[in-house]
Amino acid sequence: MRVRRWVRPRRRQIAGGRWIVTGASRGIGQALAECAAGRGARLLLVARSADRLERLAQQLAATAEVHYLAGDLTEPQFRQQIGDWVGKNWAGCDVLINNAGVGSYGPLAEAPESRLRAVMELDFFAPILLAQRLLPWLKQGRDPLIANIGSVLGYCAVPWKAEYCAAKAALRMAVDAWRAELAGSGVDVLLVSPSTVETSFFDHLAAGSHPPHKRRGASPQWIALQTLKAIEHRRSEVVLTWEARALVWVSRFFPALLRWANAVYARRCNRLHQP
Ligand SMILES: NC(=O)c1ccc[n+]([C@@H]2O[C@H](COP(=O)([O-])OP(=O)(O)OC[C@H]3O[C@@H](n4cnc5c(N)ncnc54)[C@H](OP(=O)(O)O)[C@@H]3O)[C@@H](O)[C@H]2O)c1
């Protein structure tokens with residue numbers, strides 16, 4: 001008997017799945033790769049730093065099938081190379097995790113075009129264009145999913161991170177629409193939006209240097225664990241940490257309060273960075 005596409009097991013199976021994780025050379029992406037490898041996924045790791053990817057692939061090779069491709073996701077040729085690799089080696093893809101991302105810090109009035117474009121290229125265009133490129137292979141996949149790592153700042157804008165907020169908000173809107181468009185195709189779409197995470201994200205900004213955080217963020221391992229849970233449980237949208245959910249709630253129901261807090265924060269940023 002032919003099993004219809006919509007008759008699926010309640011939990012998405014991770015073991016044996018062909019997973020692509022972008023931004024896997026450090027931070028959340030590395031934790032996602034470690035977590036997925038531990039659960040038996042087959043992995044293709046993607047980032048620019050070949051040496052870091054090679055080290056991670058070697059470390060995970062004892063327990064999982066791990067490959068890597070090093071390159072810049074903002075370049076169309078590299079996205080094409082990933083598509084070609086998947087066609088040649090897997091002839092299908094089950095989970096694409098669009099995790100690679102970059103932040104920035106500085107007032108919008110002084111943002112050079114290069115900074116605005118660098119953030120939009122990696123945080124918005126690259127995940128959408130990579131997913132487009134891989135869509136034929138995802139459609140050949142088992143219970144396929146496009147999982148995207150967004151940010152709570154895609155729900156609530158804050159000063160001095162305008163283009164990052166804009167890119168993550170654009171990603172959120174696009175994947176929301178795409179989820180509906182893909183509903184009949186069997187390809188699911190997930191958006192995971194963390195708040196601050198303890199990675200070196202703030203040391204690799206497209207521009208600007210972020211002042212030190214007073215509050216500790218979540219660990220990348222915890223974010224990875226929650227993301228795998230969301231994948232397994234077929235969630236569509238997850239905002240991580242209760243503080244982040246509270247912030248989204250305040251921005252929705254008390255926007256004036258958020259505007260006030262943002263104005264205070266902007267004044268502080270301006271003071272901190274006065275010449
Ligand atoms: N950390 C936070 O507080 C936080 C909070 C909310 C959301 N997020 C989101 O979580 C995701 C991961 O962030 P993270 O904290 O793990 O940051 P991270 O430690 O800076 O890692 C970013 C990853 O992206 C890769 N990458 C950067 N530019 C790339 C490019 N042009 N092409 C290919 N790969 C590239 C980096 O590797 P290479 O340098 O080797 O290319 C690295 O593996 C991002 O989407 C970020 O926006 C982070």
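We count ligands from 1, going down the list as the structure has it; atoms in each ligand are counted the same way. These numbers were taken from a predicted model, which means no experiment stands behind them.
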Report yes if [X] has an N/O atom closer than 3.5 Å to an N/O atom of ligand 1; otherwise report no.
X: Gly23; result: yes
X: Thr74; result: no
X: Val197; result: yes
X: Ser25; result: yes
X: Leu73; result: yes
X: Ile28; result: yes
X: Asp72; result: yes
X: Ser49; result: yes

If you have a sec, work out which protein heavy atom is nearest [atom] and how many Å separate them, to one decimal?
atom: atom 6 (C) of ligand 1; result: Pro194 O, 3.3 Å
atom: atom 11 (C) of ligand 1; result: Asn99 O, 3.1 Å
atom: atom 15 (O) of ligand 1; result: Thr199 OG1, 2.5 Å

How does [X] reach ligand 1, if at all, at less than 4.0 Å between non-hydrogen atoms: by side chain, backbone, both, or neither?
X: Pro220; value: neither
X: Lys168; value: side chain
X: Ala126; value: neither

Ligand 1 contacted by [X] (non-hydrogen, < 4.0 Å):
X: Val102; result: no
X: Gly150; result: yes
X: Phe78; result: no

(message) For a quick test of reading the model, state the closest non-hydrogen atom pair linking Ala170 to Met120 and the distance between them.
(response) CB-CE, 4.5 Å

(request) List the atom of Asp94, the atom of Gly16, and the distance in Å for their closest heavy-atom pair. (result) OD2-O, 4.4 Å

(request) Establish, from distance only, whether the side-chain atoms of Gln77 and Gln81 form a donor-acceptor pair under 3.5 Å. (result) no

(request) Would you mind reporting whether Pro194 and Ile149 have side-chain heavy atoms less than 4.5 Å apart? (result) yes

(message) By the definition ring-ring contact (aromatic ring centres under 6.0 Å, His included), identify the one residue from Tyr68, Trp137, Trp90 that meets it with Trp85.
(response) Trp90

